[in-house]
Novice: 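I'd like to ask some things about the structure below.
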Amino acid sequence: MEELGRALCIITGASRGFGRTIAKEVSRVVKPGSVFVLVARSGDDLRALQKEMAESDLVVRVVVADLSSMEAVENVTRTAKEAFQEDIQHVILFNNAGCLGDVSRYSSSFTSMAEVNAYLSFNVSSALCLTANVLQAFPKQPGLRRCVVNISSLCALKPFPSWVLYCTGKAARDMMFKVLAEENPDLRVLNYAPGPLDTDMQLVIRTQTAEVTIRQTFADMSAQGQLLTCEASCAKLIKLLQEDKYKSGDHIDVYDV
Amino acid sequence: MCIITGASKGFGRALAHLASLYLKPGSVLLLVARSRSLLQELKEELQSLKECQGLTVHCAEADLSISEGVKETVDIVRQHTENDINHVLLVNNTASLGDISPFESFTDLDHVNAYLSLNVSSTLALTAGVLQAFPPRLGLRWSVVNCSSTLALQALPSWVLYCSAKAAREMMFRVLAAENPGVKVLSYSPGPMETKMQETIRRLTGVQYHLYPCRESATKLMKVLLDNDFVSGTHLDFFQLSSQYDVKMHANYMSNATKRYCT
């Protein structure tokens with residue numbers, strides 16, 4: 001079992017849901033002196049999380065920004081660089097920020113390029129650009145482990161009617177990070193699908209999805225207590241990172257662990 | 001009604017030639033590209049062919065990387081909804097190579113957004129627009145082709161933009177297929193062809209594949225569409241469709257594709 005060590009963890013979409021859980025759970029397993037850079041649009045939620053994490057022996061920085069802007073990407077990178085200490089052994093970037101898009105509509109309704117572009121900017125481009133910027137900011141050096149996590153989904157592999165934007169974005173991301181893994185054998189790259197989590201996103205899924213069978217499936221899962229807690233899924237993710245045996249670039253689902 | 005984007009050159013142009021031989025009299029062939037002169041030249045070539053006398057050929061000069069271009073194209077399509085159309089065939093062929101560069105070089109959001117806009121967003125917006133103009137119904141056959149690539153399925157170093165966009169399109173069309181039983185969706189990987197795009201690939205990466213004439217690949221695609229035997233949402237590859245399935249050639253191509261990197 002590998003320790004994550006003294007780590008610089010950058011977590012996007014950290015204010016709620018799975019991102020928030022990643023921040024809290026990973027902060028329990030890293031060495032004192034670790035640094036967390038938490039990114040989200042909601043300043044209040046981020047600062048509340050920062051307060052919660054302030055008791056531990058950690059440095060916690062927040063960046064309140066919408067990642068689909070160059071300014072935000074640069075801000076996160078700069079904050080991470082400034083917070084970096086020489087004794088950091090591990091840089092981990094958690095690309096978790098993402099949104100569903102409008103799941104109440106079918107593919108043939110997406111005639112607006114502006115809408116599709118805005119979606120891809122936040123869910124695909126920003127992940128690519130942030131990762132590129134972070135990798136440039138923390139280049140390969142002896143004694144520094146580097147890891148990039150993509151929060152993926154079953155939707156990266158399987159088409160879901162009325163979810164065209166979400167599936168398209170997740171498929172693009174999985175491929176993007178596969179290419180990264182192929183290019184950089186010294187990087188650890190993980191496409192992690194966290195499963196059906198009990199979050200705000202899940203609430204939207206079971207109330208807004210146009211496709212009846214899908215909406216019903218998730219509504220049933222919720223009613224029957226079959227949704228996963230963020231903590232349970234995050235524990236699997238941490239296990240994967242600690243064991244560090246996964247093949248870089250692979251897509252691993254919570255149910256595979 | 002047959003719509004081909006990126007029709008002015010390469011695979012799109014070859015497909016326009018093939019399609020014009022098979023479209024019945026009374027059909028409309030809409031050729032979309034940025035170059036008015038190349039489109040006009042193609043239109044004249046097609047109209048001079050004996051087999052195309054009953055065919056109406058329109059050219060739409062449009063830049064699909066911007067929403068006006070997509071809207072203008074859909075508007076032209078809408079002009080034909082009163083025609084006696086019993087089959088809509090939309091071929092999403094327009095694409096760009098993008099920068100072939102290491103992942104870390106893609107630090108600029110605008111650059112990546114511009115690439116995805118042309119190669120992903122415009123494809124969805126155009127397909128959606130044409131579907132709205134000709135809603136699938138009994139008596140109206142609908143076929144949609146996504147011009148794909150082996151790189152939709154396989155990651156290649158330095159090709160993050162192209163791979164990601166092709167993977168995105170692949171999934172987009174699988175969702176479309178899952179939503180619309182009345183629409184036959186095909187992702188077709190045309191193989192390495194004698195095109196400007198391949199010239200650019202050779203120039204940028206130094207990799208030289210054995211190239212096939214566009215017409216050969218277009219012929220295979222046309223046969224698949226005419227046979228109409230494929231499962232909607234499937235991905236078919238030029239090499240799978242070889243009349244003599246050239247296993248060695250395919251294996252060679254695949255292993256070369258993964259071995260060579262851009263430096």
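Note that the coordinates shown come from a computational prediction; the quantities given were computed from them, not determined experimentally. Numbers restart at 1 for each chain; the letters A, B, ... are given by sequence-line order, proteins then strands.
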Novice: For each of A/V73, A/T77, A/V116, A/T111, tally heavy-atom pairs with chain B at distances under 4.5 Å, and name the one with the top tally.
Specialist: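 So the answer, after comparing A/V73, A/T77, A/V116, A/T111, is A/T111.
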Novice: From A/E115 CD over to B/S67 OG, what is the distance, rounded to the nearest 0.5 angstrom?
Specialist: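 Result: 12.5 Å between the selected atoms.
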Novice: So which part of A/N184 gets closer than 4.5 Å to some heavy atom of chain B, the side chain, the backbone, both or neither?
Specialist: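 When you check distances to chain B, only side chain atoms of A/N184 fall under 4.5 Å.
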Novice: Name the member of B/L131, B/V130, B/L161, B/V160 that forms the most heavy-atom pairs with chain A at distances under 4.5 Å.
Specialist: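 Between B/L131, B/V130, B/L161, B/V160, the count favours B/V160.
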Novice: Mind ranking A/V134, A/L128, A/D174 by heavy-atom pairs under 4.5 Å with chain B and telling me who comes out on top?
Specialist: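 Highest number of heavy-atom pairs under 4.5 Å: A/L128.
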Novice: Looking only at non-hydrogen atoms, find the nearest pair between A/E183 and B/S158 and report the distance.
Specialist: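 The answer is OE2-N, 2.8 Å.
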Novice: Side chains of A/M70 and B/D108: closer than 4.5 Å at any heavy-atom pair?
Specialist: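 A side-chain contact exists here, since the closest heavy-atom pair is under 4.5 Å.
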Novice: Give a yes or no on this: more than 12 heavy atoms of other residues, nucleotides or ligands lie within 6.0 Å of atom CZ of A/R61.
Specialist: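 Counting other residues, nucleotides and ligands, CZ of A/R61 stays at 12 neighbours or fewer.
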Novice: Classify the side-chain pair B/E104/A/N133 by whether it contains a donor and acceptor separated by less than 3.5 Å.
Specialist: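 B/E104 vs A/N133: no donor-acceptor pair found between side chains.
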Novice: Between A/T168 and B/M171, what is the shortest heavy-atom contact and its length?
Specialist: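 A/T168 and B/M171 have their closest heavy atoms at N-CG, 3.9 Å.
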Novice: Examine whether an atom of A/F160 lies under 4.5 Å from a heavy atom of chain B, and if so say whether it belongs to the side chain, the backbone or both; otherwise answer neither.
Specialist: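 The backbone, not the side chain.
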Novice: Run the side chain to side chain contact (heavy atoms under 4.5 Å, CB included) check on B/L116 and A/V124 step by step: do they pass?
Specialist: CA-CA 9 Å; B/L116 295 179; A/V124 183; 3.9 Å; yes
Novice: What part of A/K170 gets within 4.5 angstrom of chain B, counting heavy atoms only: side chain, backbone, both, or neither?
Specialist: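 No part of it gets close to chain B.
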Novice: Which heavy atom of A/M113 sits nearest to which heavy atom of B/A125, and what is that distance?
Specialist: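 For A/M113 and B/A125, the tightest heavy-atom pair comes out as CG-CB, 3.7 Å.
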Novice: Pick whichever of B/N113, B/N180, B/T127 has the most heavy-atom pairs under 4.5 Å with chain A.
Specialist: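 Looking at each option in turn, the highest pair count goes to B/N113.
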Novice: Show the nearest heavy-atom pair for residues A/M175 and B/L151, with the distance to one decimal.
Specialist: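 Between these two residues, the closest heavy atoms are CE-O, 3.6 Å.
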Novice: Quick one, B/T107 with A/C129, criterion side chain to side chain contact (heavy atoms under 4.5 Å, CB included). Give me CA distance, side-chain angles, the key distance, then yes/no.
Specialist: CA-CA 5 Å; B/T107 50; A/C129 294; 5.8 Å; no
Novice: Within a radius of less than 6.0 Å around CD of A/Q141, do more than 12 heavy atoms belonging to other residues, nucleotides or ligands occur?
Specialist: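 Yes - once you tally the heavy atoms of other residues, nucleotides and ligands closer than 6.0 Å, there are more than 12.
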Novice: Looking only at heavy atoms, what is the nearest atom pair of B/S121 and A/L120, with distance?
Specialist: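 Closest approach of B/S121 to A/L120, heavy atoms only: OG-CD1, 3.4 Å.
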Novice: Under a 4.5 Å heavy-atom cutoff, which of B/M172, B/R169, B/E170 has the most pairs with chain A?
Specialist: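 Maximum pair count with chain A is reached by B/M172.
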Novice: In terms of heavy-atom pairs under 4.5 Å, which option from A/K178, A/E211, A/R173, A/Q136 contacts chain B the most?
Specialist: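 Among the listed options, the one with the most contacts to chain B is A/Q136.
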Novice: Under a 4.5 Å cutoff for heavy-atom pairs, which residue among B/G129, B/S105, B/A165, B/A168 has the most contacts with chain A?
Specialist: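 Maximum pair count with chain A is reached by B/A168.
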Novice: Counting only non-hydrogen atoms closer than 4.5 Å, does A/L67 touch chain B with its backbone (N, CA, C, O), its side chain (CB onward), both, or neither?
Specialist: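 Only the backbone of A/L67 comes within 4.5 Å of chain B.
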Novice: Tell me whether the count of non-hydrogen atoms from other residues, nucleotides or ligands lying under 6.0 Å of CZ in B/R34 goes above 12.
Specialist: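 At most 12 heavy atoms, drawn from other residues, nucleotides or ligands, come within 6.0 Å of this atom.
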Novice: Quick check: do A/L165 and B/L124 have side-chain heavy atoms less than 4.5 Å from each other?
Specialist: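 Side-chain contact under 4.5 Å: yes.
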Novice: Let me confirm one number: the CG-OH distance from B/L176 to A/Y106, rounded to the nearest 0.5 Å.
Specialist: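 The distance works out to 12.5 Å.
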Novice: Going by the side chain to side chain donor-acceptor pair (under 3.5 Å) test, name the single residue among A/S108, A/S162, A/S107 that passes it with B/E179.
Specialist: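 For B/E179, the side chain to side chain donor-acceptor pair (under 3.5 Å) test succeeds with only one of A/S108, A/S162, A/S107, which is A/S107.
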Novice: Can you tell me which portion of A/S69 sits under 4.5 Å from chain B's heavy atoms? Options are side chain, backbone, both or neither.
Specialist: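 Answer is backbone: N, CA, C or O of A/S69 sit under 4.5 Å from chain B.
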Novice: For A/D186, does the CG atom have more than 12 heavy-atom neighbours from other residues, nucleotides or ligands under 6.0 Å away?
Specialist: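 Correct, the count exceeds 12.
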Novice: Which distance, rounded to the nearest 0.5 Å, do you find between the CD of A/E182 and the CG of B/L156?
Specialist: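 Between A/E182 CD and B/L156 CG, I get 8.0 Å after rounding to 0.5 Å.
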Novice: Answer with side chain, backbone, both or neither: which region of A/A210 has an atom nearer than 4.5 Å to a non-hydrogen atom of chain B?
Specialist: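 Neither part; nothing is under 4.5 Å.
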Novice: B/L64 versus chain A, heavy atoms under 4.5 Å apart: side chain, backbone, both or neither?
Specialist: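 The answer is the backbone of B/L64.
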Novice: So how far is it from B/F103 CZ to A/L180 CG, rounded to the nearest 0.5 Å?
Specialist: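 Going from the CZ atom of B/F103 to the CG atom of A/L180 covers 4.5 Å.
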Novice: To the closest 0.5 Å, what do you measure between CD (B/Q132) and OG (A/S109)?
Specialist: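 That separation rounds to 7.0 Å.
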Novice: Can you name the nearest heavy-atom pair linking B/V112 to A/S125, along with the distance?
Specialist: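 Nearest heavy atoms, B/V112 then A/S125: CG1-OG, 3.6 Å.
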Novice: Roughly how far, to the nearest 0.5 Å, is CG of A/N117 from OG of B/S65?
Specialist: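 So the gap between those two atoms works out to 9.5 Å.
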Novice: Which bit of A/L157 comes within less than 4.5 Å of chain B, counting heavy atoms only: side chain, backbone, both or neither?
Specialist: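 The answer is the backbone of A/L157.
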